[in-house]
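Data block below; observations after.
Chain naming here is simple, since letters A, B, ... match the order of the sequence lines and numbering starts at 1 in each. Computed from heavy atoms alone, side chains included, the values below leave out hydrogens, waters and symmetry copies.
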2 protein chains.
Amino acid sequence: MNIQFKKGVLELCVLTLLQNDDRYGYELVSRISQNIEISEGTIYPLLRRLQKDGNVTTYLRESNEGPPRKYYKLTESGKKMCSELTDEWFGFVKKVNIILGRSK
Amino acid sequence: MNIQFKKGVLELCVLTLLQNDDRYGYELVSRISQNIEISEGTIYPLLRRLQKDGNVTTYLRESNEGPPRKYYKLTESGKKMCSELTDEWFGFVKKVNIILGRSK
DNA sequence: AACGGTACTGTATATAGCAAGGTACTGTAA
DNA sequence: TTACAGTACCTTGCTATATACAGTACCGTT
């Protein structure tokens with residue numbers, strides 16, 4: 001799997017998954033990695049970035065299957081970012097398709 | 001335009017454009033930038049990489065509109081790389097669509 | 001002769017994903 | 001009761017790629 005393709009897209013995936021429900025880091029890793037190869041060392045720094053930029057907030061909740069889980073919740077600016085990134089992504093794919101001659 | 005989305009995809013675009021005809025760097029920049037914002041400083045290092053890795057060869061041809069043009073031509077391994085990258089790209093987009101919930 | 005367009009090159013910087021490592025809790029099997 | 005696998009979190013250093021910025025040089029037109 002080409003690493004470069006993932007750049008920026010994983011952020012969009014995380015934001016989209018957080019749109020419906022709050023989720024914890026490990027859960028995001030396992031959900032995304034069902035389709036796209038991904039490592040924890042990618043997601044945790046990404047989540048930290050999102051929090052630092054005010055796009056998510058976090059809260060802890062205990063689990064009976066291991067250590068407490070840190071849940072991530074989209075903020076208003078996070079929701080806005082998600083919809084903007086979504087538009088950009090589909091626009092981008094469309095333009096790439098034109099260049100690759102797959103537009104028709 | 002999200003910079004990160006472009007990572008890796010520009011290479012695919014360049015390879016695809018070279019599949020039909022030999023092209024020179026400036027021409028590639030202007031063709032691609034009709035759809036995707038791109039600068040010369042991006043394409044030339046990319047072309048040098050492709051040449052260094054044996055995916056393209058080059059030859060000079062004079063122009064009556066400026067300095068001589070350096071044409072890039074796909075090698076066999078470049079053609080192979082192009083078709084592999086193409087498959088990877090469309091597979092990747094499909095998987096992202098599943099995560100984004102746009103698969104159906 | 002000066003300018004804008006064509007064409008190529010090089011350096012320094014920012015960013016994101018990854019491998020590899022670590023901590024710590026829980027339940028199960030040897 | 002000890003060892004292990006699974007869950008859950010986090011950090012550091014590395015690499016690849018795109019970009020900004022700067023520079024060189026050729027051509028035709030004004």
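When the side chains of ILVMFWY residues are joined at heavy-atom separations under 4.5 Å, either directly or via intervening members, B:I3 and A:L46 end up in two distinct hydrophobic clusters. Cluster annotation: B:L74 is not connected to B:L60 through the hydrophobic network of ILVMFWY side chains, with a link wherever side-chain heavy atoms come within less than 4.5 Å.
The closest side-chain heavy-atom distance from B:W89 to B:V93 is below 4.5 Å. For the pair B:L47/B:T58, no side-chain contact is recorded, criterion being any heavy-atom separation below 4.5 Å from C-beta on. Between B:Y44 and B:Y26, the closest side-chain pair of non-hydrogen atoms falls below 4.5 Å.
Side-chain atoms of B:Q4 lie closest to C:dT15 of the nucleotides C:dT15, D:dT19, D:dC9. Candidate nucleotides C:dA16, D:dA8, C:dA7 were compared by shortest atom distance to the side chain of B:R69, and C:dA7 ranks first. The B:S39 side chain lies nearest to D:dT19 when the options are D:dT19, C:dC18, D:dA16.
Applying a 4.0 Å cut-off to non-hydrogen atoms, the residues of residues 70-93 of chain B that approach DNA chain C are B:K70, B:Y72, listed by residue number. Of the residues in residues 14-23 of chain A, not one places a heavy atom less than 4.0 Å from an atom of DNA chain D. For the segment residues 46-58 of chain A, the set of residues with a heavy atom within less than 4.0 Å of an atom of DNA chain C comprises A:L46, A:R49, in numerical order.
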Nucleotide-resolved protein contact map, nucleotides 21-30 of chain D, B/S/- at heavy-atom distance under 4.0 Å: -----BS---
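We find that CD of B:E62 is positioned 15 Å from C1' of C:dT6, with the value rounded to whole Å. Taking atom NZ on A:K7 and atom C1' on D:dT19, their separation rounds to 14 Å, with Å as the unit. Taking atom CD of residue B:E27 and atom P of nucleotide C:dA7, one finds them 9 Å apart after rounding to whole Å.
One distance of note links CD of A:E76 with NZ of A:K79; it measures 4.5 Å at 0.5 Å rounding.
Judged by distance alone, with hydrogens and angles left aside, the side-chain atoms of A:D53 form no donor-acceptor pair with the main-chain N or O of A:N55 at under 3.5 Å.
Residue B:Y24 places at least one side-chain N or O closer than 4.0 Å to OP1 or OP2 of C:dA7. Checking the phosphate oxygens (OP1, OP2) of D:dC9, a side-chain nitrogen or oxygen of A:Y44 falls inside 4.0 Å. Contact annotation: B:Y26 side-chain N/O to C:dT6 OP1/OP2 distance is under 4.0 Å.
Minimum interatomic distance between A:C13 and B:V96 (heavy atoms only, all atoms of both residues): SG-CG1, 4.5 Å. Shown here for A:Y71 and A:R61, the closest heavy-atom pair between the two residues is CE1-CB, 3.7 Å. Minimum heavy-atom separation, B:L28 to B:R23: CD2-CD, 3.8 Å.
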Output a table of donor-acceptor pairs, distance under 3.5 Å, between side-chain atoms of residues 14-21 of chain A and any protein atom two or more places apart or on a different chain; print 'none' if there are none.
| unit_1 | atom_1 | unit_2 | atom_2 | d |
| --- | --- | --- | --- | --- |
| A:T16 | OG1 | A:L12 | O | 2.8 |

Under 3.5 Å, which donor-acceptor pairs link side chains of residues 34-42 of chain A to any protein atom two or more places apart or in another chain?
| unit_1 | atom_1 | unit_2 | atom_2 | d |
| --- | --- | --- | --- | --- |
| A:S39 | OG | A:T42 | OG1 | 3.3 |

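Among the heavy atoms of the strands lying under 4.0 Å from A:K6 are primed sugar atoms or P, OP1, OP2 only; no base atom is included.
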